[in-house]
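Numbering of ligands and ligand atoms starts at 1, following listing order.
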Amino acid sequence: MAPIISATQQLPLVSHAFSYSKPTRAGFSLLQPHILHSNKALFYSRSNFRPLKAILNSPSLTKVSGDAKEKEEALTLRDICLEEVGYVVPTDVQKQALPVLFSGSDCILHAQTGSGKTLAYLLLIFSVMNTQRSAVQALIVVPTRELGIQVTKVARMLAAMPTENEAEQKSCTVMALLDGGMLRRHKSWLKAEPPTIVVATIGSLCQMLEKHLLKLESIQVLVIDEVDFMFNSSKQVSSLRKLLTSYSSCNSRQTVFASASIPQHNRFLYDCIQQKWTKRDVVHVHVNPIEPMPTRLQHKFVICSKKQRHQTLLSLMLSDTPKSGIIFVGEQSEKSKKAGNAPPTIDLVDFLKTSSWGCSEILLLEEDMNFNSRAASLSEVRQGGGYLLVATDIAARGVDLPEITHIYNFDLPRTAVDYLHRAGRTGRKPFSDEKCHVTNIIMPEERFVLQRYENELMFNCEELFL
Ligand SMILES: Nc1ncnc2c1ncn2[C@@H]1O[C@H](COP(=O)(O)OP(=O)(O)OP(=O)(O)O)[C@@H](O)[C@H]1O
């Protein structure tokens with residue numbers, strides 16, 4: 001059985017803060033290191049992460065299975081300037097996962113929504129890649145274009161940070177190979193010079209692989225983000241299996257699976273090994289298993305009839321006055337589509353635009369919109385300011401909009417896992433105590449469904465009377 005690291009087995013190795021350095025004319029100079037546990041600090045520049053890997057593997061230090069005696073070395077990641085982009089202290093998942101990742105083990109990153117899994121796997125990628133080599137060295141596969149754009153942005157931000165020996169370094173390039181993108185342009189790019197990192201949706205990726213335009217033989221790290229969603233998606237699962245076993249082999253790469261939800265995780269670990277998606281010694285980093293949901297989320301519900309739902313939502317919003325929020329609406333049924341009805345999302349947007357709600361901009365995000373309109377909605381959202389996003393579950397996975405304080409489930413999600421991910425679009429500032437709100441508008445017959453989600457996800461939902 002793969003070793004599991006839980007909150008109670010927290011590794012002492014990384015009980016420290018990230019240090020940082022400020023640019024000087026000569027490059028980077030080290031400021032006072034941030035050492036919490038000892039005065040024995042080890043410093044690494046981004047281009048120097050490999051030594052960190054060697055040290056973590058050294059027999060004198062704690063093994064990742066957590067059975068060796070405690071050590072007090074403070075490891076400090078230097079020169080990646082994380083503080084300048086707001087990353088000062090590693091989050092729990094980063095503390096627990098980085099030693100495992102840097103040790104070269106395959107890893108299942110299983111931690112709450114908004115806990116910082118993206119930075120954990122990106123730091124691994126930046127630690128192993130060699131920008132002198134002209135080859136694709138890391139591949140990150142995501143389920144949606146929206147999540148792909150976001151991950152690419154963070155990867156490019158890290159890639160743009162200067163390193164100590166910048167003069168000798170070729171830059172790290174990050175390609176977003178996403179459904180709805182300009183594949184012709186990507187083909188020319190791939191032919192001219194392979195990027196160092198590719199962030200891809202599985203459809204576009206397989207097109208490039210089938211045409212032999214993209215080669216994976218130099219891949220060192222393969223990340224599958226929102227892995228449970230991808231394995232559950234009938235459209236994506238067969239290509240994903242092919243990628244994991246035919247297009248590349250688990251023995252020649254480090255494989256990382258990430259998600260806030262891995263249902264039946266023991267079964268999944270077993271499958272990972274049996275199906276050769278990962279190596280046998282894959283590590284399950286399970287952070288805070290007894291609290292699958294961030295604790296600062298406050299859950300409420302209002303019971304009303306189907307006809308009263310629009311008015312109920314409006315009353316809720318007038319009393320909450322959210323600056324930014326997402327209203328999740330269920331997908332339109334095939335029957336309703338055939339009958340020529342407007343999608344429920346559009347109905348709701350029209351209702352809000354003509355109602356007395358006038359506090360923030362109302363935007364729409366759903367699968368049936370073309371990719372340009374989807375991008376336009378999200379880019380408006382990311383510019384900040386107050387907004388309400390009316391969305392289907394397309395916005396439920398991975399999308400990081402830290403300013404969101406309110407989630408409204410206009411329609412109840414279909415499963416507890418969907419509930420967890422929708423709710424997790426708020427409460428995304430790792431070290432903040434700010435309370436965030438998830439409000440469910442339900443019909444009387446749905447109370448037992450919500451109760452089931454409460455039991456499964458171990459949270460409490462309080463009834464609201466308007
Ligand atoms: N060490 C850190 N310090 C401060 N902020 C951080 C740190 N690490 C990550 N963040 C921020 O936390 C937010 C959530 O991170 P991220 O999107 O990686 O979450 P996630 O675990 O992938 O969530 P989800 O499961 O919902 O996709 C982001 O805005 C990110 O910039």
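The pair K323-E403 does not meet the salt-bridge criterion, since no charged nitrogen lies less than 4.0 angstrom from a carboxylate oxygen.
With ligand atoms numbered from 1 in the order given, ligand 1 contributes 19 (O), 20 (P), 21 (O) to contacts under 4.0 Å with heavy atoms of S115. Annotation for ligand 1: atoms under 4.0 Å from non-hydrogen atoms of T118 are 16 (P), 17 (O), 18 (O), 22 (O). Per-residue contacts place F431 under 4.0 angstrom from the following atoms of ligand 1 (heavy atoms of the residue considered): 3 (N), 4 (C). Close contacts between ligand 1 and R425 involve ligand atoms 26 (O) [criterion: under 4.0 Å to a heavy atom].
Looking at R428, H421, R397 and measuring to atom 13 (C) of ligand 1, the nearest heavy atom belongs to R428. Nearest to atom 25 (O) of ligand 1 by heavy-atom distance, out of K117, K429, Q112, is K117.
Using the six-membered ring where Trp is involved, F459 and Y419 have ring planes that are parallel, under 30° apart on the 30 and 60° scheme. Taking the six-membered ring where tryptophan is involved, the planes of F268 and W277 are tilted, since the angle between them lies from 30° to 60°.
Counting heavy atoms from C-beta on, the side chains of L388 and V390 never come closer than 4.5 Å.
For Q150, no nitrogen or oxygen atom sits less than 3.5 Å from a nitrogen or oxygen atom of ligand 1, counting backbone and side chain alike. In terms of N/O distances under 3.5 Å, ligand 1 is not approached by G424. Close N/O approach between P430 and ligand 1 is not found [any backbone or side-chain N/O within under 3.5 Å].
Only one option out of K276, R280, K279, R253 pairs with D106 in a salt bridge (charged side-chain N to carboxylate O under 4.0 Å, His left out); it is K279.
Aromatic ring centres of H299 and Y453: separated by at least 6.0 Å.
Contact annotation for D400 and ligand 1: only side-chain heavy atoms (C-beta onward) come within less than 4.0 Å of the ligand. At a heavy-atom cutoff of 4.0 Å, ligand 1 is contacted by the side chain of E226 but not by its backbone. At a 4.0 Å heavy-atom cut-off, ligand 1 touches Q94 through the side chain alone.
For residues 422-433, every residue pair satisfying the side chain to side chain donor-acceptor pair (under 3.5 Å) rule, not counting sequence neighbours, is listed here: D393-R422, D400-R428, N409-R422. For the side chain to side chain donor-acceptor pair (under 3.5 Å) condition, the pairs that include at least one residue of residues 221-231, sequence neighbours left out, are Y121-D225, E226-R397, D228-S259, D228-S261, D228-R397.
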